[in-house]
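Just so you know, these numbers use all the heavy atoms, side chains as well, and skip hydrogens, waters and symmetry mates. Predicted model only: the values in this text are computed from it and were never measured.
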Amino acid sequence: MSRFIVTGGQCGAPNRLEINDFIKDKKQLTLYIRAQIEISEDLQSNITSHFGISGIHGLPYKQWDGAGGGTAVPGSGWGGYCTHGSVLFPTWHRPYVALYEQVLQSHALSIADKFQVDKVAWKTAAENLRAPYWDWAANITIDIINYDGSTINVTNPLYRYAFHPVDDSFQKMFKVWQTTLRQPNPPDSPNATTDVDHLKEELEASQDEITNSTYNMLLRVHDWPAFSNHTPGDGGSLSNSLEAIHDRIHFYVGGAGHMGDAAVAGSFLYISEIRSHLLPASCKRRPLLALWSAINPNVWVTPGPAVNGTWTIPATATIDTNTNLTPFWNTQTTFWASSGTKTTEALNYTYPEFNGLKPDEVQQAIIRFVNDCYGGSKYGPSGSIVAQPPPAPPVPRLGLPVTAAVSAVKSVAEAAIRDWTCRIRFKKHELHQSFAIRIFLGNSVPNDPSQWRTSSTYVGSHVAFVNSAAERCANCREQADIVCEGFVHLNVAISKLSGLPSFDPNVVTPFLQKSLHWGLQAADGSLISLESLLSLEVTVASTLLSQQPGAIFPILDVPSYHHHITYGRQGGARQRRLEVLREENETNEGVGIITPKTGVTSQFCASTAQRLRCYVAAGYPERLDAQEVEKRTMEDGSVVDVVGANSAVVYAPDGTCVVNHRKSHLFHMDKPWVKPGPGFTTFHLPPPLNTVTLGICMDLNPRSPWTLDGGPYELADHCLKTRSNVLILLNAWLDSEEERDSEEDISTMNYWATLLRPLWHRQGNGRMARATTNPEKRPKTRKPCGSL
């Protein structure tokens, strides 16, 4: 059976235009509208009809053009093909839109041939036709050119889609409504209509919020997982992912209608690749994946979990740049993969922002464009600082004199401004419907939910874009614990509403403790009790942003989480902080071997964790069970009993032991008594800590010959491979004695930073928090080096 090969439009790679530019060409507008009408009227059973293409995304949960089996693969948590919540989310939509664009142009070429006048010009218009990116039309009818050259008025196919018939797979009100609706009013009526006025109100109220989120994403996120999807892990940017912004657009535009529900949102089709539609009028609407890729030319899809899974991908799978982007065939036997979609030209289109640019000019030109389009004082006192994306964090590096490194860090700090953000996390499917967490800065949450979006104290939202038909898919219910993450930027609102003289924590923290509030709202606008969303966690974070003269990227410091601001409130921070206790090397004070979980270290950790309601990590010498004791022949020929392990434990706020780690890279003083561990230990804690890697002292050292360029960077690479959010490294490192007059051993800290180089030398994504501890210097011949 022949497959539909996705190529995108034919006849070169012309521009996709913003709708206000697009409609200036009456021929292209006419072809576009007529082609849309034909696609909408095509039989719903045809795979290239409006219904056939839109059904790829979600309902009716059917095989498309032979991609996959007759049912979803076992272990899939999503009955459609869309790759929600995964690293493939942005790239999957490129061939999806190209498929639609290809069908659109095919109809347009046929329509152009029917015109009785100016046939060459009509053919050229059809060849250059690409789907515009656009603001949703509010006009029910529209004027176009008739085949004889006259003007006629037709029903606007962009306003709504009329089902013929409504598919049996649709649930709830979607089974009753005969057309697609946005912001339906009333939302529970079979006679509901699109509330255009409310839709406009939503868009206007969202403009600053979406613009600010888009700006920060484009110029602060430089890690593909953090950019691509809304699962936890922001790469240290405290900024939203592309998917988080996408989810908000669906929620704000759709409400309780089709576009606000993931199961049927495909009914509107994707009119161009994922983008923000709510930007300043002067900036129109822009292609976010293309812009972000231009700013980050060396970053593309990295391996990650499939999360929900799809019709063809199990939720337990690991996906990467070579994973099939089903159901989009690129030959009769193979599918498109992300590796083939990195350039827009591969699918036969481009954008005006890239016209005439040479390859070595693209990054700088697009950064200037983004700054000109989105930047400026409108977005708060941090606007000039958040102007561009960051390089490596200010870590002293080998080859740079210590004094110069310290001076550079000081100069950066002096020029920095603190940026404040709300991080919001929850289990996406906990309420079985789409919903929003609304953030306010005022005396309280306004009483009337219908006024929340227009309230002067409203700041922004994070949205759950949810499949309400999860009961149709048994595996969807098994994915109920998937966590969704998003951010609401606070600086603009703080500046406008607080009257504070600065963003210094000493003045901002008391204000936020008093004024920061949040509420929970359903897609139909109704109030939901915060007690209903038990997984909700709203946490305040801040980071120093600085800009060096002449640099194209600003510097983002490691984020600070101010858990105490929201701790103890419904939906607030779960823990106050992570407590790290220093490891004492077994030689320091003659510490004896301790039995794990019952020794004095474990008892102290358990009681401290319960008292402070935090996680506590500590190092200790662990006594081995009798069956683990073994003989070891030393270099001098002597034989010793290996009776212990150099270990570390982590205890939870309830006083239970989370994990026990054994050092695997032994110091020479370990060898007479220590059994090495099997490797690095990685485990998972609740947000905000998430994935944590635990190491001890010499675990930082590679086992084999090492070079700056080639490594190996065993611990750092392990952290990247496991996508760890936190690295805890417990040290008792000896002083190098190279800085005798300094209270800190900069040389040793420089050495630590060098061996962790992959964690900060990747365009400065700041993805991981490092908790490193070491006893302070002591007046002994062999003394620990200091603390970092």
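For residues 448-461, every residue pair satisfying the salt bridge (charged side-chain N to carboxylate O under 4.0 Å, His left out) rule, not counting sequence neighbours, is listed here: E202-R453. Screening residues 510-520 for salt bridge (charged side-chain N to carboxylate O under 4.0 Å, His left out), with sequence neighbours left out, gives no hits.
Applying the salt bridge (Lys or Arg N to Asp or Glu O under 4.0 Å) test to R423 and every residue at least two apart in sequence or in another chain returns nothing. Applying the side-chain hydrogen bond (donor to acceptor under 3.5 Å, both in side chains) criterion to N447, with sequence neighbours excluded, gives no partner residue. Every ring pair (Phe, Tyr, Trp, His ring centres under 6.0 Å) that W452 has, sequence neighbours left out, goes to F440. Residues passing the side-chain hydrogen bond (donor to acceptor under 3.5 Å, both in side chains) test with Q183 are H198, sequence neighbours excluded. With sequence neighbours left out, N229 forms a side-chain contact (heavy atoms from CB on, under 4.5 Å) with V87, T231, E243. D504 pairs by the side-chain hydrogen bond (donor to acceptor under 3.5 Å, both in side chains) definition with N506, not counting sequence neighbours. Every residue two or more places apart in sequence or in another chain that forms a side-chain contact (heavy atoms from CB on, under 4.5 Å) with N355 is listed here: N15, T350, P352. The side-chain hydrogen bond (donor to acceptor under 3.5 Å, both in side chains) check on T539 picks up nothing, with sequence neighbours excluded. The salt bridge (Lys or Arg N to Asp or Glu O under 4.0 Å) test applied to R438 returns no partner, not counting sequence neighbours.
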Acceptor/donor pairs from residues 526-534 side chains to any protein atom, 3.5 angstrom cut, sequence neighbours excluded:
from : atom 1 : to   : atom 2 : distance (Å)
S526 : OG     : D524 : OD1    : 2.7
S529 : OG     : E531 : N      : 3.2
S529 : OG     : E531 : OE1    : 2.4
S532 : OG     : S529 : O      : 3.3

